[in-house]
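Note that these values count all heavy atoms, side chains included, but never hydrogens, waters or copies made by symmetry.
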Amino acid sequence: MIAFVSGPVAALAPTTAVIEVGGIGMALQCTPHTLADLRVGKEARLATSLVVREDSLTLYGFANDDERQVFELLQTASGVGPRLAQAMLATHSPDALRLAVSTGDEKALTAVSGIGKKGAQKLLLELKDRLGEPLGAHIGQQGIGTPVTSGWRDQLQAALIGLGYASREADEAVNAVAPQAEAAVAEGTAPPVPQLLRAALQTLNRAR
């Protein structure tokens, strides 16, 4: 198993980072908030999980070992593959997921794209004894199921700048997709940062 990769960032895309390791470019699937901390040409160290399929080898990258561990634990639940596990981590931090599961917070799980009410109930049952308690000392002060996307504007802007866009362009793209994010908040769900990033990129492409 490849536990981590370390080296300069060779390229960034909306869902992928390429890290140069010994002259080889390793493509890693990452969440927007992981990508937001990366810059092309800068050194990076990402924890990784290799998913092997009959027709593919996919490497997933994470900001730290805790995210990687939760990513792998989530997949022990029936019906949860790597893409859904990554979507859960794109919406909630590891500790927010632990808190949601330990307190039976169904609403926090349905905030993840691809998880409905019945799916959330099933996941709460299956994951209850697997994720453990939140690690953060002050997690209780943040509220049940606090999403990692609570600062979606900063996260989205950082991801766009990391992809090479100017601050002004990033600001305009964030403002363009703000109604979508605000609509999600009004419905009581976390703004879907991956979808917002794709929408923001579409507005930037149209502007060029």
Side-chain angles (χ1 to χ4, degrees), residues 4-6 9 11-19 26-40 42-49 51 58-75 80 82-100 108-109 111-115 131 134-136 138-139 142-165 167 169-171 173-175 177-178 180-182 184-185 189-201 204:
F4 70 89
V5 298
S6 180
V9 179
L12 292 171
T15 60
T16 309
V18 178
I19 309 295
M26 307 285 284
L28 286 72
Q29 296 292 316
C30 304
T31 62
H33 74 271
T34 296
L35 292 170
D37 291 332
L38 304 179
R39 296 291 182 272
V40 173
K42 300 293 185 180
E43 292 287 322
R45 182 184 188 280
L46 296 179
T48 59
S49 179
V51 176
T58 306
L59 198 60
Y60 289 82
F62 307 92
N64 51 54
D65 292 335
D66 187 35
E67 281 192 359
R68 188 260 312 282
Q69 182 181 25
V70 171
F71 172 78
E72 294 175 345
L73 285 173
L74 290 172
Q75 293 177 72
V80 179
R83 289 186 181 277
L84 183 55
Q86 188 180 51
M88 293 172 76
L89 284 167
T91 305
H92 297 291
S93 68
D95 257 1
L97 282 172
R98 291 189 183 97
L99 187 63
L109 294 188
V112 179
S113 177
I115 299 180
L131 291 186
L135 303 178
H138 305 294
I139 187 72
Q142 299 175 2
I144 294 175
T146 300
V148 74
T149 52
S150 56
W152 68 269
R153 280 183 175 273
D154 293 338
Q155 203 176 125
L156 194 57
Q157 185 178 46
L160 290 169
I161 291 174
L163 290 170
Y165 291 96
S167 295
E169 292 178 305
D171 286 339
V174 170
N175 289 333
V177 301
Q180 297 179 43
E182 291 166 358
V185 172
T189 61
V193 174
Q195 291 93 318
L196 290 174
L197 179 57
R198 285 193 290 271
L201 288 170
L204 288 167

- Task: Just do the side-chain contact (heavy atoms from CB on, under 4.5 Å) check on His92 and Val112 with the steps written out, would you?
- Result: CA-CA 8 Å; His92 297 291; Val112 179; 4.0 Å; yes
- Message: Between Tyr165 and Leu201, is there a side-chain heavy-atom distance shorter than 4.5 Å?
- Response: yes
- So CD of Glu67 and OG1 of Thr31: to nearest 0.5 Å the spacing works out to 5.5 Å
- What pairs with Asp65 under salt bridge (Lys or Arg N to Asp or Glu O under 4.0 Å), at least two apart in sequence or on another chain? Arg68
- Note on the structure: Residues at least two apart in sequence or cross-chain that pass side chain to side chain contact (heavy atoms under 4.5 Å, CB included) with Ala13, listed by chain then number, are Thr16
- Only counting residues at least two apart or in another chain, list the ones meeting side chain to side chain donor-acceptor pair (under 3.5 Å) with Asp66. Arg98
- Minimum-distance pair of heavy atoms, taken over all atoms of Val177 and Ala200: CG1-N, 3.6 Å
- Item | Non-hydrogen atoms of Val40 and Ala11 that approach each other most closely | CG2-CA, 4.2 Å
- Listed by chain and number, what are the side chain to side chain contact (heavy atoms under 4.5 Å, CB included) partners of Arg45, not counting sequence neighbours? Phe4, Ser6
- Separation of Ile115 CD1 from Met88 CE (nearest 0.5 Å): 4.5 Å
- Residue set satisfying side chain to side chain donor-acceptor pair (under 3.5 Å) with Gln86, at least two apart, ordered chain then number -> none
- Message: Measuring only between side-chain heavy atoms, which start at C-beta, is Gln180 closer than 4.5 Å to Leu196?
- Response: yes
- Which residues pass the side chain to side chain donor-acceptor pair (under 3.5 Å) test with Ser49, sequence neighbours left out? Glu72
- Task: Please name all residues satisfying side chain to side chain contact (heavy atoms under 4.5 Å, CB included) with Leu73, sequence neighbours left out, ordered by chain then number.
- Result: Gln69, Leu131
- Leu74 to Ala85 - nearest heavy-atom pair and separation: CD1-O, 3.9 Å
- Side-chain contact test, heavy atoms from C-beta onward, threshold under 4.5 Å: evaluate it for Thr34 versus Leu28 and give yes or no. no
- Query: Hey, what do you get for CZ (Phe71) to OH (Tyr60), rounding to the nearest 0.5 Å?
  - Reply: 5.5 Å
- d(Leu89 CG, Cys30 SG) to nearest 0.5 Å is 12.0 Å
- Message: Ignoring hydrogens, what is the shortest heavy-atom contact between Leu160 and Ala173? Give both atom names and the distance.
- Response: CD1-CB, 3.9 Å
- Task: Over all heavy atoms of both residues, which pair between Met26 and Val5 is shortest? Give the atoms and the distance, please.
- Result: CE-CG1, 4.5 Å
- Ile19 CD1 to Leu38 CG distance, which is reported to the nearest 0.5 Å: 6.0 Å
- Message: Going by the rule side chain to side chain contact (heavy atoms under 4.5 Å, CB included), which residues pair with Thr15 if we only count those two or more places apart in sequence or in a different chain?
- Response: Gln29
- Tightest non-hydrogen contact, residues Arg39 and Val9, listed as O-CB, 3.3 Å
- Item | Test salt bridge (Lys or Arg N to Asp or Glu O under 4.0 Å) applied to Asp171 - qualifying residues, sequence neighbours left out | none
